[in-house]
Colleague: 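Shown below is the structure under consideration.
The structure displayed is predicted, hence computed values, not measured ones.
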Amino acid sequence: MEISFVARVWRFVRGDGSLTLSVALLVVFLFALYPMIEVGAVAPYWLDAAFAAVLAAGGLFIFEPRPIVRAFVALVVVTLAARIVSHAMPSRGVETLEAALIMATAASFAALLIARVLRDGRVNVHRILGACGTFLLVGLIFAEAYRLIALYLPTAFSAGGAPASPEALGNRYVYFSFITLTSTGYGDITPAHPTTRSLAAFEALCGQLYLAVLIARLVGLEIAWRETQGATRRGA
């Protein structure tokens with residue numbers, strides 16, 4: 001019996017293909033919308049819509065058991081509400097709450113995503129992409145941490161050799177976070193305070209360790225799956 005197109009799509013999003021879907025949305029969110037908002041090409045609320053879409057995709061299609069999904073979705077709703085309030089009534093207190101909630105939501109999403117990636121079974125391209133999604137979420141967590149520090153330490157960063165205020169940096173915390181996480185470090189934005197220098201060094205270390213540990217774990221899962229399949233064939 002031929003499976004309908006809708007049924008194939010549903011099977012894709014309910015299986016490991018949902019990992020690829022979530023990461024694709026995350027890539028658009030981080031690397032397309034952020035720079036477009038920075039240059040004024042799109043309104044900031046599109047960033048909020050994309051943020052909610054990424055997290056909703058994860059909550060609806062990836063995670064089990066359902067009680068955890070409901071708790072995660074509740075956290076997403078509270079975080080989205082904080083972002084809306086931050087746009088309507090900007091203040092340091094509201095921005096602090098918003099940054100803390102985004103960090104908590106991204107950390108929860110990353111933990112649930114990597115748990116799905118590292119479960120027993122064969123390693124496929126979807127699970128590898130899911131692991132990349134966790135890496136991207138780590139970068140987002142650090143970006144919000146930098147924004148939180150800059151709110152209370154005006155001299156936390158410098159750009160072009162001069163102190164840079166949070167207003168001057170805008171959305172460039174994400175950019176700084178990823179060039180630090182990947183140990184690229186162009187030097188156009190630099191941590192100027194001991195707190196931000198320490199956090200930047202810690203992020204660079206996390207980026208290196210994550211890749212090393214992840215590769216070892218994925219290789220171990222693939223070897224274990226092949227050994228299990230070999231033992232099953234020999235037993236048959």
Colleague: Within a radius of less than 6.0 Å around CZ of Phe31, do more than 12 heavy atoms belonging to other residues, nucleotides or ligands occur?
Modeller: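 Count over threshold, so yes.
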
Colleague: Contact between Phe142 and Thr180 at the side-chain level, heavy atoms closer than 4.5 Å - yes or no?
Modeller: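 Result no, sub-4.5 Å side-chain heavy-atom pair not found.
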
Colleague: Check whether Val78 and Leu97 end up in the same hydrophobic cluster, where Ile, Leu, Val, Met, Phe, Trp and Tyr are linked by side-chain heavy atoms less than 4.5 Å apart.
Modeller: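 Shared cluster, yes.
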
Colleague: If I compare all heavy atoms of Glu95 with all of Leu151, which pair ends up nearest, and what's the gap?
Modeller: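 Minimum heavy-atom contact is OE1-CD2, 3.5 Å.
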
Colleague: Using the rule that two of Ile, Leu, Val, Met, Phe, Trp, Tyr join whenever any of their side-chain heavy atoms come within less than 4.5 Å, decide whether Val174 and Leu199 are in one cluster.
Modeller: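 Yes, one cluster joins them.
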
Colleague: Could you verify whether a donor N or O on one side chain and an acceptor N or O on the other, from His193 and Thr155, lie under 3.5 Å apart?
Modeller: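 No donor-acceptor contact under 3.5 Å links the two side chains.
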
Colleague: Look at the side-chain heavy atoms of Ile, Leu, Val, Met, Phe, Trp and Tyr, link any pair under 4.5 Å apart, and say whether Leu211 and Leu140 land in one connected group.
Modeller: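 Same cluster: Leu211 reaches Leu140 through Ile, Leu, Val, Met, Phe, Trp or Tyr contacts under 4.5 Å.
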
Colleague: Just distance, no hydrogens or angles: give the donor-acceptor pairs under 3.5 Å from side chains in residues 183-192, sequence neighbours left out.
Modeller:
residue, atom, partner, partner atom, Å
Ser183, OG, Gln208, NE2, 3.2
Thr184, OG1, Thr182, OG1, 2.9
Asp188, OD1, Tyr175, OH, 3.2
Asp188, OD2, Tyr175, OH, 2.8
Thr190, OG1, Ser158, OG, 2.6

Colleague: Got a second to check how far Thr105's OG1 is from Leu101's CG, nearest 0.5 Å?
Modeller: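 If I round to the nearest 0.5 Å, the distance is 6.0 Å.
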
Colleague: Please report the shortest heavy-atom distance between Phe176 and Ala200, naming the atom on each side.
Modeller: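 Closest approach of Phe176 to Ala200, heavy atoms only: CZ-CB, 4.3 Å.
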
Colleague: Please name all residues satisfying salt bridge (Lys or Arg N to Asp or Glu O under 4.0 Å) with Arg217, sequence neighbours left out, ordered by chain then number.
Modeller: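 Checked Arg217 against salt bridge (Lys or Arg N to Asp or Glu O under 4.0 Å); zero matches.
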
Colleague: Taking Leu75's backbone N and O only, do any of them form a donor-acceptor pair with Thr79's side chain (distance below 3.5 Å, no angle check)?
Modeller: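 Pair found, side chain donor or acceptor close to backbone of Leu75.
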
Colleague: Can you measure from CD1 (Ile141) to CD (Glu203) and round to the nearest 0.5 angstrom?
Modeller: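 Between Ile141 CD1 and Glu203 CD, I get 10.0 Å after rounding to 0.5 Å.
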
Colleague: According to a hydrophobic-cluster definition based on side-chain heavy atoms being under 4.5 Å apart (Ile, Leu, Val, Met, Phe, Trp, Tyr only), do Leu169 and Met103 belong together?
Modeller: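 Looking at the clustering, Met103 is in a separate group from Leu169.
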
Colleague: Measuring from atom CD of Glu98 to atom OG of Ser91, what distance do you get when rounded to the nearest 0.5 angstrom?
Modeller: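 Glu98 atom CD to Ser91 atom OG measures 10.0 Å (nearest 0.5 Å).
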
Colleague: Any salt bridge linking Arg147 with Glu144? Criterion: basic side-chain nitrogen under 4.0 Å from a carboxylate oxygen.
Modeller: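 Salt bridge: yes.
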
Colleague: Would you call Tyr210 and Leu181 a side-chain contact if the rule is heavy atoms closer than 4.5 Å?
Modeller: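 Tyr210 does not reach Leu181 side chain to side chain.
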
Colleague: Is there a path from Leu205 to Ile179 through hydrophobic residues (I, L, V, M, F, W, Y) whose side chains come within less than 4.5 Å of each other?
Modeller: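 Different clusters: Leu205 never reaches Ile179 through Ile, Leu, Val, Met, Phe, Trp or Tyr contacts under 4.5 Å.
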
Colleague: Anything under 3.5 Å between a donor and an acceptor, one on a side chain of residues 127-139, the other on a protein residue two or more places apart or in another chain? List them.
Modeller:
residue, atom, partner, partner atom, Å
Arg127, NE, Val117, O, 2.8
Arg127, NH1, Gly121, O, 3.4
Arg127, NH1, Arg122, O, 2.8
Arg127, NH2, Val117, O, 2.7
Arg127, NH2, Arg119, O, 2.1
Thr134, OG1, Gly130, O, 3.4

Colleague: To the nearest 0.5 angstrom, please state how far the OG1 atom of Thr228 sits from the CD1 atom of Ile223.
Modeller: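 Answer rounded to 0.5 Å: 11.5 Å.
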
Colleague: Look at the side chain of Ser177 and the backbone N and O of Tyr173, then say whether any donor-acceptor pair between them is shorter than 3.5 Å.
Modeller: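 It does not hold such a pair.
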
Colleague: Rounded to the nearest 0.5 Å, what separation is found between the CG atom of Leu113 and the CG atom of Leu118?
Modeller: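 The CG atom of Leu113 sits 9.5 Å away from the CG atom of Leu118.
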
Colleague: Strictly distance-based, threshold 3.5 Å: is any side-chain N or O of Thr96 a donor or acceptor partner for the main-chain N or O of Arg92?
Modeller: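 Indeed, once roles are kept as given, a pair shorter than 3.5 Å links the two residues.
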
Colleague: Passes side chain to side chain contact (heavy atoms under 4.5 Å, CB included), Trp225 versus Val123? Steps please.
Modeller: CA-CA 8 Å; Trp225 181 84; Val123 176; over 6 Å; no

Colleague: Any idea which heavy atoms bring Ile102 and Arg83 closest together, and the distance?
Modeller: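 Closest approach of Ile102 to Arg83, heavy atoms only: CD1-NH1, 3.0 Å.
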
Colleague: Determine the minimum heavy-atom distance between Ser86 and Val94, stating which atoms define it.
Modeller: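 Answer, listing the atom of Ser86 first, then Val94: CA-CG1, 3.5 Å.
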
Colleague: When you compare the side chain of Leu153 with that of Thr196, does any pair of heavy atoms fall below 4.5 Å?
Modeller: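 No; the side chains remain at least 4.5 Å from each other.
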
